[in-house]
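All remarks here apply to the structure that follows.
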Amino acid sequence: IQRICANLDYIPLAIEIAAGHLRRLTLNNIENGVTKPLDLPSRSFRRRAGRQQTLRQTLEWSYDLLDQNSRQVLQRLSVFSGPFHEEQALAVCAGDMANESEVLAGIHELVESSLLTRDVGGHQLLRMLQTVQAFGRERLDQAGLLQTVETRHGEVYAARCRELGQKIASVKEAEAANAIYDELSNLRAAFERAVTRD
């Protein structure tokens, strides 16, 4: 149950939909089925509005409420893996969204819409739930920009590696080690994409 909830990003609607399958499926079958939680079918919620019958429909409804600028920001931020800094978000979006203030406005709207969160700690990291990330990546892929934006993400983190490498070799070693820990999932994702592509 704990793994199912974690795979569903602890989203109440997604957990409720998954729980609706308990009468006909085992927990193992449900866990195997939540690898694509966006498409979890909801047989017991037929009387609900269409946007609440699957997690995908809920996300599509939320996405449709965004302005075009915020939709573009959401798509581009979906290439991140784990938490990231606003600075990296701006760099990834900069390739085809030249106006920094529009990107910042998009980030603000995504936070206000609960499609993106800000960590309350001292690191000021942004975070996107895996289900929102999967939805955004689908939209980015449909726009034909997934590989381009993933490449830009790799370039941003290659530059970050150079920066952290210089800090590691200086008196700022502890600061660099903490940054590597915070950004490890994105560093790893950028490295794995680079190894498989170029």
Side-chain angles (χ1 to χ4, degrees), residues 2-11 34-38 70 72-141 145-198:
Q2 187 175 10
R3 285 194 305 270
I4 290 168
C5 292
N7 288 343
L8 294 170
D9 287 326
Y10 302 98
I11 297 172
V34 298
T35 54
K36 285 200 160 190
L38 290 177
S70 298
Q72 288 181 330
V73 173
L74 182 136
Q75 290 173 15
R76 282 144 187 81
L77 298 186
S78 71
V79 300
F80 284 94
S81 176
F84 53 94
H85 292 281
E86 196 170 86
E87 176 185 343
Q88 279 109 18
L90 291 169
V92 165
C93 291
D96 56 346
M97 295 184 72
N99 190 331
E100 189 174 291
S101 63
E102 287 181 3
V103 177
L104 291 171
I107 289 171
H108 179 73
E109 185 176 3
L110 294 175
V111 170
E112 290 295 309
S113 303
S114 299
L115 294 169
L116 190 66
T117 59
R118 283 190 190 276
D119 285 356
V120 291
H123 298 293
Q124 289 298 308
L125 294 169
L126 296 164
R127 187 181 307 269
M128 185 178 284
L129 294 174
Q130 290 177 16
T131 46
V132 177
Q133 180 187 29
F135 178 83
R137 288 175 67 82
E138 282 182 3
R139 292 301 174 111
L140 190 61
D141 194 29
L145 294 170
L146 181 60
Q147 190 162 341
T148 301
V149 180
E150 282 183 341
T151 299
R152 198 174 313 131
H153 173 272
E155 291 165 355
V156 167
Y157 280 93
R160 185 71 174 137
C161 282
R162 286 190 291 276
E163 179 187 331
L164 291 171
Q166 291 171 353
K167 283 186 178 179
I168 281 275
S170 73
V171 294
K172 296 184 176 180
E173 180 181 357
E175 180 185 322
N178 287 335
I180 290 168
Y181 179 78
D182 285 344
E183 300 173 42
L184 188 58
S185 55
N186 277 298
L187 292 166
R188 182 178 289 131
F191 178 77
E192 287 172 356
R193 289 173 192 151
V195 166
T196 57
R197 290 181 189 162
D198 55 19

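Taking CD1 of I107 as the start and SG of C93 as the end, the distance is 6.0 Å to the nearest 0.5 Å. Note that CD of Q88 is 5.5 Å distant from CZ of R160, once rounded to the nearest 0.5 Å. Note that the CD atom of E109 and the CG atom of L116 stand 11.5 Å from one another [nearest 0.5 Å].
A donor-acceptor distance shorter than 3.5 angstrom exists from the side chain of R152 to the backbone of V92, with no hydrogens or angles considered.
When the side-chain contact (heavy atoms from CB on, under 4.5 Å) test is applied to Q166, no partner is found at least two apart in sequence or on another chain. A search for side chain to side chain donor-acceptor pair (under 3.5 Å) contacts involving R139 returns nothing, not counting sequence neighbours. Applying the salt bridge (Lys or Arg N to Asp or Glu O under 4.0 Å) criterion to R118, with sequence neighbours excluded, gives E86. Taking Q147 as the reference, nothing meets the side chain to side chain donor-acceptor pair (under 3.5 Å) condition, with sequence neighbours excluded. Applying the salt bridge (Lys or Arg N to Asp or Glu O under 4.0 Å) criterion to R197, with sequence neighbours excluded, gives E150. In this view, E102 satisfies the salt bridge (Lys or Arg N to Asp or Glu O under 4.0 Å) rule with no residue, not counting sequence neighbours. Here D141 pairs with nothing under the side chain to side chain donor-acceptor pair (under 3.5 Å) rule; sequence neighbours left out. Residues forming a side-chain contact (heavy atoms from CB on, under 4.5 Å) with Q130 (at least two apart in sequence, or on another chain): D9, Q133. The side-chain contact (heavy atoms from CB on, under 4.5 Å) check on C161 picks up L187, with sequence neighbours excluded. A91 meets the side-chain contact (heavy atoms from CB on, under 4.5 Å) test with V156; sequence neighbours excluded.
Pairs of residues two or more places apart, or lying in two chains, that qualify as side-chain hydrogen bond (donor to acceptor under 3.5 Å, both in side chains) and include a residue from residues 186-196 are H153-N186, H153-R193.
Residue-environment remark: CD (E163) exceeds the threshold of 12 foreign heavy atoms within 6.0 Å.
Scanning all heavy atoms of the two residues, the minimum distance from L164 to A179 falls at CD2-CB, 3.6 Å.
With contacts defined as side-chain heavy-atom distances shorter than 4.5 Å, the pair L90/L104 qualifies. For the pair L126/L110, no side-chain contact is recorded, criterion being any heavy-atom separation below 4.5 Å from C-beta on.
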All N/O donor-acceptor pairs, side-chain side in residues 74-82, below 3.5 Å, sequence neighbours left out:
{"from": "Q75", "atom 1": "NE2", "to": "Y63", "atom 2": "OH", "distance (Å)": "2.7"}
{"from": "R76", "atom 1": "NE", "to": "D96", "atom 2": "OD1", "distance (Å)": "3.0"}
{"from": "R76", "atom 1": "NE", "to": "D96", "atom 2": "OD2", "distance (Å)": "3.2"}
{"from": "R76", "atom 1": "NH1", "to": "Q72", "atom 2": "O", "distance (Å)": "2.9"}
{"from": "R76", "atom 1": "NH2", "to": "D96", "atom 2": "OD2", "distance (Å)": "2.7"}
{"from": "S78", "atom 1": "OG", "to": "Q75", "atom 2": "O", "distance (Å)": "2.5"}
{"from": "S78", "atom 1": "OG", "to": "R137", "atom 2": "N", "distance (Å)": "3.2"}

